[in-house]
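The block underneath contains the structure these notes are about, expressed in C-alpha cells.
Not measured: the values here are computed from a predicted model. Numbering of residues begins at 1 and proceeds along the displayed sequence.
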Amino acid sequence: MTEDQENRYLLFKYLTKQFNIAGADDPEDEAEKLILNNSSNLFGYHGLAWQLGRMSLEFFCMYFLQDTFLPKENNAAAPIADVHKQIWKDIQDSIIGNGSDQIGRILPRGTGKSAFGNFGPVMWCHCYKLKKYSLICSDIGSTAEKFIKDIKNTFLENKYIEKAFGKLLNDKDKRYICNSTQLEFTNKTFIEAISSASPMRGRKYQNCRPDLIILDDYQSEDDVRTEEARAKKWKRYSDDVKFAVQKAVIRNGKTVKKGTTLIALGTLQHKECFYSRLMKQPTWKFKNDKGVLLNDIDNYFNTGLWKQFKNILFNFKNKNKLEDAKEFYYEHEKEMQFPLLWGEFWDCLDIALSYYENPASFKQEVQGDVNSIGEKWFKTVATEKRVDIETHSFTKTMLLIDPASGGGKKNDYSAFLVGSMAENNLKYCRHAELAKINARTNFDKYIDHAIDLLKGYSDITHLYIEKNTFNGADANAIENKIKADPVLSCRNITIINEMQKKNKDDKISTIIPYMNKGQIIFAEEDEEFINQVLDFRGQKYSTHDDAPDITSEFSNRIDNIEVIQNVQLLDRRKFGL
C-alpha cells in the first residue's frame with residue numbers, strides 16, 4: 001500500500017473502533033460513511049484525523065507519531081503490545097475521562113515506558129491543549145534534557161502534526177521560550193523537564209501550576225542505596241508535590257476543570273524505594289506488570305527442557321557451551337516458548353539468557369520482584385584443578401591485594417589474587433587466598449607474603465594494591481623489597497596503587513554475567529575464597545565482601561593492562577647478511 005492508503009486504513013480502523021465503543025449497529029459502515037463525508041479533509045488542518053486524535057490517544061500515537069510507534073520499512077518501530085494500549089487507555093481516561101488523576105505503572109526495563117507513558121501522552125496533551133503546563137521529572141538532568149530535545153525535534157520535523165495542527169513550535173520566534181529544558185508552544189502551553197533533585201513547588205506558567213506531572217524513572221540508584229537515602233527521597237516528594245499541583249475547579253458540585261494529573265513510571269529497586277512506597281498509597285491507582293507472565297520463574301527455568309538447556313550452558317569444560325545451548329533451544333523452540341508481556345518484540349531465548357546471567361537482578365528488573373533483593377548474587381562458580389589451570393597459555397598476569405586493617409572478625413584477613421588472561425580469552429584466578437593476616441597489626445608479614453607470591457608466579461607483570469588503607473605506604477615497602485631482590489628487580493613489575501572510590505556493589509555487579517557464564521575460572525582448591533564469592537548478597541546483606549570485590553578488580557583491570565614484550569635482536573651474520 002502507498003502511505004496514503006496506509007493512513008486511510010488507520011483512520012478507518014480506529015473510527016470503527018470508536019463506533020464500536022459507542023455501540024453502533026454496524027461500526028464499519030459508520031466509519032466508511034464518515035470518511036466519505038469528510039473526504040475533502042481527512043488529514044488536513046482540523047480534519048477528520050485531527051478530530052479522532054482528540055478522542056483517541058492510541059490513534060494519535062499510531063498516526064501522528066507513526067514514525068515512532070507504527071512499524072514501517074523505513075523505521076525501527078517495534079509492534080506494540082496490549083500493555084502499551086492499556087497504558088494509553090489509562091492515561092486517556094485520566095485526562096479526558098473519569099479515570100484516576102494519580103496513576104502509576106511499574107514496568108520492566110526495555111518496555112518503552114518513557115515512549116508510551118511519557119512522550120506520546122505529552123505530545124497529545126499539548127497538541128490539543130488538554131494540559132497547559134506539563135512538568136516532567138527524571139532522576140538526572142541529562143535525561144530531562146534528552147526528553148525536551150526529542151519533543152522539540154518531533155514538533156519541528158513531524159509533517160503529520162504540522163499539516164493537521166499548524167505550526168505549534170517556533171524555535172526562531174523570540175517571543176516563545178525554547179531551550180534545553182523548556183518549550184513554549186504557539187497555543188500557549190508549556191513543557192518543562194527537571195531532575196528529581198530540583199523542587200517542583202512554586203513553578204508556574206501564566207499563573208498556572210503544572211497540571212500534568214510525570215515522574216519518569218524518578219529515583220536513581222543513589223536514592224535507593226541506603227535507608228537514609230530512601231527516606232530522604234520519599235520526604236522530598238511528600239513535602240514537594242502537594243505544593244506543585246493545580247487544584248480542580250468545582251462549581252455547584254460539578255468539575256469545571258480537572259486538576260493536576262500525576263503519572264508515575266518506573267521500576268522497583270527496593271522494598272522501601274520511592275515507587276514501592278508510592279504503590280502502597282490508597283490515592284494512587286497502580287499496576288505492576290511482570291515481563292515473564294509466569295508465577296515461579298525459578299522453578300520454570302530450572303526444570304524440564306530449560307534445565308537441560310542450563311546444564312549445557314554451564315558445562316564449563318565445553319568451549320562451545322553457548323553455541324550448543326542455543327542449538328538445543330532451536331531444536332525444541334516450540335516447546336520452550338513462554339508467555340511474555342511484550343511477546344511481539346521480545347525473544348524467549350534472550351530473556352532466558354538474561355535470567356541465567358543474574359537471576360536476582362532479573363527478578364527485580366523484569367519481574368518487579370523486590371523480594372529477590374538479598375539473594376545470593378552468584379549462582380555458580382566455574383572451577384578447575386590448579387594443576388589443570390596451569391596447563392593454559394597465559395597472555396597477562398597480575399597480583400591484586402586488598403589488605404585487611406580494621407578490627408573485628410570482618411577484618412581479620414587480607415585478600416590476595418593471582419589472576420591471568422589466557423589465550424582462550426577466559427580469565428583464570430590461579431591463586432585466590434584469604435590470608436589470616438591483618439596488615440595493620442602485622443605489616444611485615446603482609447609485605448613478605450606479597451613478595452612470596454611475586455616470586456612464586458614469575459609471569460606477574462602488574463601488582464594492584466588498594467590505596468585506601470595505607471595511602472601508599474605498603475606499595476612503597478613492596479617496591480623497595482622488589483628493588484633489593486636480585487630476581488624481582490629484573491622483572492619490570494608495574495605497581496598500581498589507587499584509591500577506591502567506586503561503590504562496591506556497583507563494581508561487583510559488573511562481573512555477575514561473566515561469573516554465571518563461566519568466563520572467570522577459579523582453582524577448586526581455593527574453597528574458602530570461592531565460598532565467600534558464592535555467599536555474597538550485596539554489601540548490606542553480606543558479612544564479607546573481600547573475595548568478590550578483589551575478583552571484580554581483577555576482571556575489570558586485566559583487560560586494560562598492557563604487557564611490554566622484550567624484543568630479542570638476532571645477529572644478522574648468522575643469516576649470512
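Classification of the Y237-Y218 ring pair by plane angle, with boundaries at 30° and 60°, yields perpendicular. Aromatic ring pairs are classed by plane angle as parallel below 30°, tilted from 30° to 60° and perpendicular above 60°; the pair F116 and F69 is tilted. Classified by interplanar angle (parallel below 30°, tilted 30° to 60°, perpendicular above 60°), the ring pair H84/W342 is perpendicular. Note on ring orientation: taking the six-membered ring where Trp is involved, the planes of W124 and Y128 are perpendicular (angle over 60°, cut-offs 30° and 60°). Ring orientation note: the planes of F185 and F155 are tilted relative to one another, at an angle of 30° to 60°. Between W234 and F274, the ring planes lie tilted relative to each other; the angle falls in the 30° to 60° range.
From S555, atom OG reaches atom OH of Y514 across 7.0 Å, with rounding to the nearest 0.5 Å. Atoms NZ and CD, from K72 and E3 in turn, are 5.0 Å apart once rounded to the nearest 0.5 Å. Atom CZ of R537 sits about 13.5 Å away from atom CG of D505, to the nearest 0.5 Å. With rounding to the nearest 0.5 angstrom, the CD atom of Q182 is 10.5 Å from the CD1 atom of I194. For the atom pair D211 CG and T260 OG1, the distance stands at 5.5 Å (nearest 0.5 Å). To the nearest 0.5 Å, atom CD1 of residue I161 and atom NZ of residue K167 are 12.0 Å apart.
Ion pairing between a basic and an acidic side chain is recognised when a charged N comes within 4.0 Å of a carboxylate O; R230 and D223 show no such pairing. In this structure, K235 pairs ionically with D239, as a charged nitrogen and a carboxylate oxygen lie closer than 4.0 Å. The pair K427-D559 meets the salt-bridge criterion, since a charged nitrogen lies less than 4.0 angstrom from a carboxylate oxygen. A salt bridge between E192 and R203 is present, with a side-chain N of the basic residue lying under 4.0 Å from a carboxylate O of the acidic one. Salt bridge present: D217 and R109 bring a charged side-chain N and a carboxylate O closer than 4.0 Å.
More than 12 heavy-atom neighbours from other residues, nucleotides or ligands sit within 6.0 angstrom of NZ on K287. Other residues, nucleotides and ligands contribute over 12 non-hydrogen atoms within 6.0 Å of the NZ atom of K507. For D350, the CG atom counts as densely surrounded, since its 6.0 Å shell holds more than 12 non-hydrogen atoms of other residues, nucleotides or ligands.
The closest donor-acceptor contact from the side chain of N560 to the backbone of N556 lies under 3.5 Å. Panel note: side chain N153, backbone E157; no donor-acceptor pair is recorded below 3.5 Å. The main-chain N or O of L294 is found under 3.5 Å from a side-chain atom of K290 such that the two form a donor-acceptor pair. Put simply, the side chain of R209 gets close to the backbone of F243: a donor and an acceptor are under 3.5 Å apart. No donor-acceptor pair under 3.5 Å is formed between the side chain of D546 and the backbone N or O of A415. Within the 3.5 Å criterion, the main-chain N or O of L107 finds a donor-acceptor partner in the side chain of T267. A donor-acceptor contact shorter than 3.5 Å links the side chain of N158 to the backbone of F64.
No close placement of the F43 and Y160 rings is indicated, their centers lying 6.0 Å or farther apart. Between Y355 and F301, a ring centre-to-centre spacing shorter than 6.0 Å is recorded. Remark: aromatic rings of F554 and Y464 are distant, center separation not under 6.0 Å.
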Would R175 and E184 count as a salt bridge (Lys or Arg N to Asp or Glu O under 4.0 Å) if you check the C-alpha gap in whole Å, the side-chain angles of each, and the deciding distance to 0.1 Å?
CA-CA 9 Å; R175 292 177 299 171; E184 184 179 16; over 6 Å; no

CA sep, side-chain torsions, deciding dist, call: R557, E498, salt bridge (Lys or Arg N to Asp or Glu O under 4.0 Å):
CA-CA 12 Å; R557 288 182 179 276; E498 296 177 353; 2.9 Å; yes

Apply side chain to side chain contact (heavy atoms under 4.5 Å, CB included) to F190 and Q206, showing your working.
CA-CA 9 Å; F190 186 69; Q206 293 188 344; over 6 Å; no

Given the rule in the salt bridge (Lys or Arg N to Asp or Glu O under 4.0 Å) test, do D216 and K113 qualify, once you have shown the distances and angles that lead to the verdict?
CA-CA 8 Å; D216 187 359; K113 56 180 175 291; 5.9 Å; no

Please test F286 against Y275 for ring pair (Phe, Tyr, Trp, His ring centres under 6.0 Å), starting from the C-alpha separation and ending with a verdict.
CA-CA 10 Å; F286 255 91; Y275 286 106; 7.2 Å; no

Checking side chain to side chain contact (heavy atoms under 4.5 Å, CB included) for the pair F536/T551: CA distance, chi angles, key distance, verdict?
CA-CA 12 Å; F536 186 72; T551 302; over 6 Å; no

One pair to check against side-chain hydrogen bond (donor to acceptor under 3.5 Å, both in side chains): D535 and Q532. What are the steps and the verdict?
CA-CA 5 Å; D535 193 56; Q532 192 181 110; over 6 Å; no

Please walk me through it: do E466 and D549 pass side chain to side chain contact (heavy atoms under 4.5 Å, CB included)?
CA-CA 11 Å; E466 186 178 301; D549 183 37; 4.1 Å; yes

Working for side-chain hydrogen bond (donor to acceptor under 3.5 Å, both in side chains), residues S94 and K285:
CA-CA 11 Å; S94 175; K285 187 176 181 179; over 6 Å; no

Walk me through it: do T261 and K131 pass the test side-chain hydrogen bond (donor to acceptor under 3.5 Å, both in side chains)?
CA-CA 9 Å; T261 298; K131 295 293 183 181; 3.1 Å; yes

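Contact record, I550 with L400: CD1-O, 3.2 Å, taken as the closest heavy-atom pair. The minimum heavy-atom distance linking Q367 with G291 is given by the pair OE1-N, 3.2 Å. In this structure, A229 and D222 approach most closely via the heavy-atom pair CB-O, 3.3 Å. What you find for N75 and L70 is that their closest heavy atoms are ND2-O, 2.8 Å. Of all heavy-atom pairs between N516 and P359, the closest is ND2-CD, 4.0 Å. Scanning both residues, Q66 and M62, for their nearest heavy atoms gives CB-O, 3.1 Å.
Cation-pi contact between K132 and Y205: absent, since separation from the ring centre below 6.0 Å together with deviation from the ring axis within 45° is not met.
Neither side chain, H270 nor S276, offers a donor N or O lying under 3.5 Å from an acceptor on the other. In summary, the side chains of N358 and E365 do not present any donor paired with an acceptor at a separation below 3.5 Å, with no hydrogens or angles considered. Residues Q269 and Q364 have side chains that never bring a donor and an acceptor to within less than 3.5 angstrom of each other. For the residue pair K233 / S196, a side-chain donor-acceptor distance below 3.5 Å is found, with atom types taken as modelled. No side-chain donor-acceptor contact under 3.5 Å links D4 and T2.
The side-chain hydrogen bond (donor to acceptor under 3.5 Å, both in side chains) check on Q86 picks up D90, with sequence neighbours excluded. Among residues two or more places apart in sequence or in another chain, the side-chain hydrogen bond (donor to acceptor under 3.5 Å, both in side chains) test is passed with Q92 by none.
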